[in-house]
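Counting convention: from 1, in listed order, for ligands and their atoms alike.
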Amino acid sequence: MALLNILHFPDPRLRTVAKPVVDFDENLRQLVSDMFETMYEAPGIGLAATQVDHHIRLLVMDISDGRNNPRCLINPRIIAADGDEEMDEGCLSVPGYYEKVRRADHIRVSAQDENGESYQFDAEGLEAVCIQHEMDHLEGKLFVDYLSALKRNRIRSKLVKAQKQQVD
Ligand code: NI
């Protein structure tokens, strides 16, 4: 087990479009396990491989209060979506900022688990929002992209300043 380094906005690596997972091997299972450890430690409710500089279509999440419902989605696809809602979102790659984003309220998802088994499920509310947010990461997209340029640029300069102070 190992904690992975989480990339922070505006790191250009967060803009990488992830490739499909084809090898369901020991390396993949190790990465999944490290991503869960990193997400729980952060703490966060979801983490996409993109955020830890692995550019494959993999995300982990756990929206339960007890932090005891780990879910791993590999090669996820949204096959149906309806309704919409607006929720405050945050992101481990944009630490300290929470902003409202509008997304589908109900989705049906198809994905594979870490052994390559396909499955489908319905999600709504926070779970649906979390999946859409993490799937955006796999496309190189961040929740700040939904904000006005003014807001996004303000967040960018504050994070750049914070990252500089850490280096100095
Ligand atoms: Ni995020």
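Side chains of Y119 and D113: no donor on one and acceptor on the other come within 3.5 Å.
Transitive grouping of hydrophobic side chains (ILVMFWY, heavy atoms separated by less than 4.5 Å) keeps V101 and I63 in distinct clusters. L47 and I131 fall into different hydrophobic clusters, where Ile, Leu, Val, Met, Phe, Trp and Tyr are joined by side-chain heavy atoms under 4.5 Å apart, directly or via other members. In the hydrophobic cluster analysis, where Ile, Leu, Val, Met, Phe, Trp and Tyr join through side-chain heavy atoms closer than 4.5 angstrom, I45 is grouped together with L73.
Sorted by chain and number, the protein atoms of type N, O or S within less than 2.8 Å of the Ni ion (ligand 1) are C91 SG, H133 NE2, H137 NE2.
In this structure, R71 is not positioned above the aromatic face of F36 in the sense of NZ or CZ being under 6.0 Å from the six-membered ring centre and within 45° of the axis.
When all heavy atoms of Q112 and S118 are compared, the closest pair comes out as CG-OG, 3.7 Å.
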